[in-house]
Amino acid sequence: MEDENDCISSDEEDQLDFLLGEEFGEDDDAELYSPPNVDTLSSQDTCSSQSSQSISDPLERHIYWKDDNTEDNGNVDLRTTPFKPTRQPGFQTTNFTRRQLQHLKTPLHFLNLFMTVEFLTTLCIATNHQANYLINTGKYSSYTDNGVWEAVTTDELLRFFGIIIYMSVVKLSALEKYWSTNVLYDHCPVNDVMTKKRFQAILCFIQVTSPGDIDKDDKLTRIRYLLEHVKQKSKEFFHPHREISADERMVASKHKFSGIRQFIKEKPIRFGIKLWVLACSITGYTFDFFVYLGKKRTEILDKKKGLAYSVVMSLCRSIQGQGYKLFVDSFYTTQHLAEDLLRDKIYIIGAVRSNSSAMPSVFKQSKDWEKVVGRGDFRWHRNGSFVYVQWKDCKCVTLISPLHKGSDVTTCYRTIQSRKTWKKSITKQPLITSDYNAYMGGVDKSNQYLNKYTSYIRTQNHWWKVLFFHCLDIMIVNAYILFTDFVSKSPELFGDSEFSSSLGQLEFRENLAISLMKVKSFNCKPEPMLHLPLFLSKRAECLYCNAEAHMNKKKLPSRKVMSYCSVQFVRCHCAVQ
């Protein structure tokens, strides 16, 4: 007779069969229900009465999702095409002649691709206009010589940027410490490059837009030219690889009167200015971005489709029709966005929220599935051109893709507890989840580059300078990525130079600071100091012998000598030996 603990009731057995996808009935050997065609399924997904049926009445409906035991034989959508970029991915060497490429040998040459003569001249003109305007009104007269402002030149502006880059690498407790005469800061080269008064004057007056060209109706009028310049140069010299990602970026700022400051509680940077960014997932290159001006000032393409739809469609305008894979998180993923991007030959691979329009109704109607399955189990559902995969890890994750197959599986490692110890085990994972984890972090990689060495110098009133220094960091990081890409593809142009091997971002910034500040780097070792004996005119007690006797708690020898060391200046009877 069977043990009563091993038996389950008929109601529990029916519920278990229902969750495993079987049709209810009196016959225990009932076969799995075969799903209808796609047209019938899509019509049922859009029917509100079908989605409102309760799980408690399983006899009146059927489940159409499948698991890894069923092969996904869905037809490939005719709108999906191979990757055909308009330009070769990576650094755009076609924009240069052979002779011009041979001159791209140092980090400064790559930074000059962004800091053009036109850009520096525009900043100098706007800065000088701002300085003269404020000085004529009687302000900041301490930054002048006899009431006359000394105009900023492009060479001086480059030295100013070199000091800022140096400060991003060498962090001191206060700005004034870089000009300190204390012996601890003897090796700081900033004082030899520019005086503290001149540096503070340029930092105070620096402008992107002249006072006469400021449009008060435009919130970004003081920084608009710089934002457009950085975006235009970033797109000109680089073309992203097939995998790209779109996400938000927070630039730390606590300026209260900017009008565009955002607060996100769960972010590492809670207060700041929000940017929407499109980045290359392979390199972390910032390809396109724009500033979020708030709910009232942001232009939304279609109010019915929401803000996230407008953000992604605006970022992807320059890459349409090329077959890119776009990875986004659950904030952006909607069915409208997936359909419209597929029409533009951009294939979204994104996470799906439970209340999103992209979540299929067959997953919504069987929410108890995740309670009875274990880690590594997954199910999938195909509706038209898109496949939806739900995988159970620590919690359930749902993804959408027009390119993947629901039944494609790979493996991953997870740490599990075995009795009193922890060990790694191989866990089953859908291929779409593996690709999403590998390529979703393009913007995060870019943020890591930017936040590693920030060039921001805190200002009290000028909130737009937060974006000014952030754009400077974007130019430096993008120049670094172009440099490493060019060195890896054309090592013969560098020969045996110090840049023949790839540099880290720290060494790249150090070289930029040296080149812009025009300081010399000394690699020679100091000459060793010779300990030579010198002689006194009168005999004196040996300090070394007396100190040794005092440390050993012995009687002082009272030994008098005539010699002492030329380096340590200690009288010693053995100095002449």
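Computed over heavy atoms, backbone and side chain alike; hydrogens, waters and symmetry mates excluded. Residues: numbered from 1 along the sequence shown.
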Just checking, any donor-acceptor pair under 3.5 angstrom between side chains of [X] and [Y]?
X	Y	result
Thr81	Tyr347	yes
Arg87	Thr94	no
Gln232	Glu228	no
His336	Thr334	no
Asp213	Tyr225	no

Step by step, work out the ring pair (Phe, Tyr, Trp, His ring centres under 6.0 Å) result for Tyr185 and Tyr178. CA-CA 7 Å; Tyr185 310 103; Tyr178 291 96; 8.4 Å; no
Look only at the side chain of [X] and the backbone of [Y], and say whether a donor-acceptor pair between them is shorter than 3.5 Å.
X	Y	value
Thr144	Ser141	yes
Tyr439	Lys325	no
Arg509	Ser168	no
Ser180	Glu176	no
Thr415	Lys424	no
Thr137	Leu134	yes
Asn511	Glu507	no
Glu150	Val148	no
Ser245	Val443	yes
Thr333	Ser330	no

Using 0.5 Å steps for rounding, measure from the [atom1] atom of [X] to the [atom2] atom of [Y].
X	Y	atom1	atom2	answer
Ile244	Cys280	CD1	SG	8.5 Å
Ile432	Leu399	CD1	CG	4.5 Å
His470	Arg249	NE2	CZ	4.5 Å
Ile164	Phe468	CD1	CZ	6.5 Å
Gln322	Lys345	CD	NZ	11.5 Å
Lys216	Thr221	NZ	OG1	11.0 Å

Give me the atom names and distance for the closest heavy-atom approach of [X] to [Y].
X	Y	answer
Lys231	Phe290	NZ-CB, 4.3 Å
Ser234	Asn478	OG-ND2, 3.1 Å
Gln429	Cys412	OE1-CB, 3.6 Å
His239	Gln88	CB-O, 3.7 Å
Leu315	Asp288	O-OD2, 3.9 Å
Pro402	Ile348	CD-O, 3.2 Å

Would you check if [X] and [Y] make a side-chain contact, meaning some heavy-atom pair closer than 4.5 Å?
X	Y	answer
Arg261	Lys256	yes
Phe469	Val251	no
Phe199	Val190	no
Asp435	His404	yes
Leu175	Arg458	no
Thr283	Asp485	no
Asp247	Val277	no
Tyr292	Leu307	yes

Is the count of non-hydrogen atoms from other residues, nucleotides or ligands lying under 6.0 Å from [X] atom [atom1] greater than 12?
X	atom1	result
Tyr140	OH	no
Lys139	NZ	no
Lys452	NZ	no
Lys171	NZ	yes
Lys105	NZ	no
Phe263	CZ	yes

Checking Val291 against Ile223 for the side-chain contact (heavy atoms from CB on, under 4.5 Å) test, could you report, in this order, the C-alpha distance in whole Å, the side-chain angles of both residues, the deciding distance, and whether it holds? CA-CA 11 Å; Val291 182; Ile223 200 73; over 6 Å; no
Could you go through Phe508 and Phe110, starting from their C-alpha distance and side-chain angles, then the distance that decides it, and tell me whether this counts as ring pair (Phe, Tyr, Trp, His ring centres under 6.0 Å)? CA-CA 11 Å; Phe508 185 85; Phe110 285 86; 7.7 Å; no
With salt bridge (Lys or Arg N to Asp or Glu O under 4.0 Å) as the criterion, how do Asp192 and Lys518 come out once you've worked through the C-alpha distance, each side chain's angles and the decisive distance to 0.1 Å? CA-CA 10 Å; Asp192 299 330; Lys518 297 181 180 179; over 6 Å; no
For Phe238 and His241, take the angle between the two ring planes, folded into 0 to 90°, and tell me which bin it lands in: parallel under 30, tilted 30 to 60, perpendicular over 60.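 Phe238 and His241: perpendicular rings.
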Where does the angle between the aromatic ring planes of Phe205 and Tyr143 fall among parallel (under 30°), tilted (30 to 60°) and perpendicular (over 60°)?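 Geometry flag for Tyr143 against Phe205: perpendicular rings.
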Between the side chains of Lys305 and Asp340, is the shortest nitrogen-to-carboxylate-oxygen separation below 4.0 Å, so that they form an ion pair?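 Salt bridge between Asp340 and Lys305, a charged N being under 4.0 Å from a carboxylate O: yes.
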Check Arg198 with Asp145, please: is the shortest side-chain N to carboxylate O separation under 4.0 Å?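 Between Arg198 and Asp145 there is no salt bridge, as every charged N stays at least 4.0 Å from the carboxylate O atoms.
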Test side-chain contact (heavy atoms from CB on, under 4.5 Å) on Phe96 and Gln102 and set out the steps. CA-CA 10 Å; Phe96 306 90; Gln102 292 176 351; over 6 Å; no
CA sep, side-chain torsions, deciding dist, call: Ile264, Lys274, side-chain contact (heavy atoms from CB on, under 4.5 Å): CA-CA 10 Å; Ile264 303 179; Lys274 182 189 290 187; 3.7 Å; yes
Verify side-chain contact (heavy atoms from CB on, under 4.5 Å) between Lys405 and Val387, making sure each step is shown before the conclusion. CA-CA 7 Å; Lys405 289 188 175 182; Val387 65; over 6 Å; no
Quick check on side chain to side chain donor-acceptor pair (under 3.5 Å): which of Asn132, Asn128, Asn136 does Trp149 satisfy it with?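 Among Asn132, Asn128, Asn136, the one meeting side chain to side chain donor-acceptor pair (under 3.5 Å) with Trp149 is Asn128.
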is_close_aromatic(Tyr285, Phe91), centroid dist under 6.0 Å: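 No.
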